[in-house]
Protein chains: 2
Amino acid sequence: MFKRSPSLTEQTKQYIKERIIRNEFAEGRIPSEHELAATLGVSRTTIRDALARLELEGAIVRKQGAGTFVNKLGLQIRSRLEEIWSYEEVLRAHGYTPSVRVLQLKTIPASPDTSALLHVKAGEPMLLIEKLFLEDENPVILTQNTLPKKLLRHKFDAEDCQRPIYDFIAHSCDQQLAYYLSDIVPLLAGAEIGKLLQIDAQTPLLSFAEVGYNPDNRPILQSASYFRDDLLRFRIMRRQTP
Amino acid sequence: MFKRSPSLTEQTKQYIKERIIRNEFAEGRIPSEHELAATLGVSRTTIRDALARLELEGAIVRKQGAGTFVNKLGLQIRSRLEEIWSYEEVLRAHGYTPSVRVLQLKTIPASPDTSALLHVKAGEPMLLIEKLFLEDENPVILTQNTLPKKLLRHKFDAEDCQRPIYDFIAHSCDQQLAYYLSDIVPLLAGAEIGKLLQIDAQTPLLSFAEVGYNPDNRPILQSASYFRDDLLRFRIMRRQTP
DNA sequence: AAGTGGTCTAGACCACACT
DNA sequence: GTGTGGTCTAGACCACTTA
């Protein structure tokens, strides 16, 4: 039934997910692992791996001795904080039709703060990319990405800057962005950010203060993101750890 | 080497974690899965399950073809948002010595908001438990938990209210709190909360607006939590999804 | 070429929930 | 008791990194 690539586990996961979304399981009950394995012609291990991923996503719940069940509430979660998304994807997941505007693209000297976080010399030339993500002319997200100019390996144009920052880094720096460490910070918009997001300076905002790392755990990117709480709210599922 | 219970996977995970914390792996390199399996006398599957959990926790990184490595930065993360913690644990993880004060314990009618979220009639009698978590006389976290009185099955005393809310529910309601759906909301402290947390009304705060569900996906608890950003900041690891 | 983690199989037994 | 998910085994082959 399935091909070799992508992995059987991934195909199994997608197959089950689609059936969940199409509401094909009566009373939210998913067939037993043995039954799925027999039906799809794969081993139970493969089924279990697929179900484990769906459980992580919050789409299903497994109950020992009872069965596996759809979690309709978990399916509603639009953006999981533990994953790196492009903000265009995030907006689309919320039902918006996003657009991107590059507000600034310039070279600045590394601030003491930045130099400490990214392990570069103070004053080192950095590339700053400031972007605004809009939904139908309404600004929703403001991001400021700062990376050392010395990482740049290839030329890039204005269009490259519009792409998600991990794409930009992959293509312009031959680097891979493996993960962020992100502080979740509430703050007042203030005059500057407020003006860009078209909200009052006294409005409370959610922001991410992040450092991005490559697979070797070297910091390569500093990032600050500001979200209009009235247009975009993060929702997470928090589980009991057994 | 290991006993039967808890699971071999769990014991293996703890064993490796302790060795990581004791810094026993040269250059952060963890022995290969085959080697670990041979050394510990368990199957490679068990080793892989244990490593998968450690990877989820952010403690290690696995690189196909290269090996498995300690992630010192991931180890620093003190509280992972995707898990339910008692706030006393959270504070201890941040190096604090927490104390709890029950500020309010009273019956109130369900607000329209609450009745919609918990699927109870408007005006239905609810139990409100308001608690303050302090570090050495400094208030850090304020929580307000609201649950339908009709769920209460057993008597409880003042001491019971001090315990984590999922303990309270387990003992007083014979219910299990399986997961929360939590909105992450930035807001201004305001006069009331500001007074309790001893901060200015104009201070921006992080808050969780949560609904807690039992294993059958029924809402049983509404919860609001407010955090002093200067004393407690949430940090998460965000990964690329391959 | 050798060694690593990633995928997958077929099977076994256990703990738990239903009824 | 029957069926479910949870744990565990022993083995195979693949994709990738490193030297």
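Lettering follows sequence order; numbering is per chain, from 1. The basis for the numbers below is simple: all heavy atoms, side chains too, and nothing from hydrogens, waters or symmetry mates.
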Which listed nucleotide ([options]) is nearest to the side chain of [X]?
| X | options | answer |
| --- | --- | --- |
| A:Arg53 | D:dT7, D:dT4, C:dT7 | C:dT7 |
| B:Arg62 | C:dT9, C:dG6, D:dT4 | C:dG6 |
| B:Glu33 | C:dT4, C:dG5, C:dC16 | C:dG5 |

Starting at [atom1] of [X] and ending at [atom2] of [N], how long is that distance when rounded to a whole Å?
| X | N | atom1 | atom2 | value |
| --- | --- | --- | --- | --- |
| B:Glu10 | C:dC14 | CD | C1' | 17 Å |
| B:Ile60 | C:dG6 | CD1 | C1' | 14 Å |
| B:Asp49 | C:dG5 | CG | P | 15 Å |
| A:His34 | C:dC14 | NE2 | C1' | 13 Å |
| B:Leu8 | D:dG6 | CG | P | 17 Å |
| B:Glu35 | C:dG3 | CD | C1' | 12 Å |
| B:Lys13 | D:dC8 | NZ | C1' | 18 Å |
| A:Gln64 | C:dC16 | CD | C1' | 5 Å |

Hey, does A:Thr46 reach any base, or is it just sugar-phosphate, or nothing, if we go heavy atoms under 4.0 Å? sugar-phosphate
Would you indicate what B:Ser32 reaches in the nucleic acid, counting non-hydrogen atoms under 4.0 angstrom: base, sugar-phosphate, or nothing? sugar-phosphate
Using Watson-Crick or G-U wobble geometry with both distances under 3.5 Å, which nucleotide pairs with D:dC13? C:dG6
Taking atom types as modelled, is there a side-chain donor on A:Tyr96 or A:Arg92 under 3.5 Å from an acceptor on the other? no
Side-chain donor-acceptor pair present, A:Thr114, A:Ser111, cut-off under 3.5 Å: yes
Of A:Gly65 and A:Ile47, whose closest DNA chain C nucleotide lies nearer the 5' terminus? A:Ile47
Taking for each residue the nucleotide of DNA chain C with the nearest heavy atom, is it B:Lys63 or A:Ala66 whose nucleotide lies nearer the 5' end? B:Lys63
[N] OP1/OP2 closer than 4.0 Å to side-chain N/O of [X]:
| X | N | value |
| --- | --- | --- |
| A:Thr68 | D:dG5 | yes |
| A:Arg44 | C:dG11 | no |
| B:Arg48 | C:dG6 | yes |
| A:Thr9 | C:dC8 | yes |

Are any non-hydrogen side-chain atoms of B:Val185 and A:Arg233 less than 4.5 angstrom apart? yes
Hey, is the main chain of B:Val42 close enough, under 3.5 Å, to the side chain of B:Thr46 for a donor-acceptor pair? no
Would you find a donor on one side and an acceptor on the other, under 3.5 Å apart, between the side chain of A:Asp113 and the backbone of A:Ala116? no
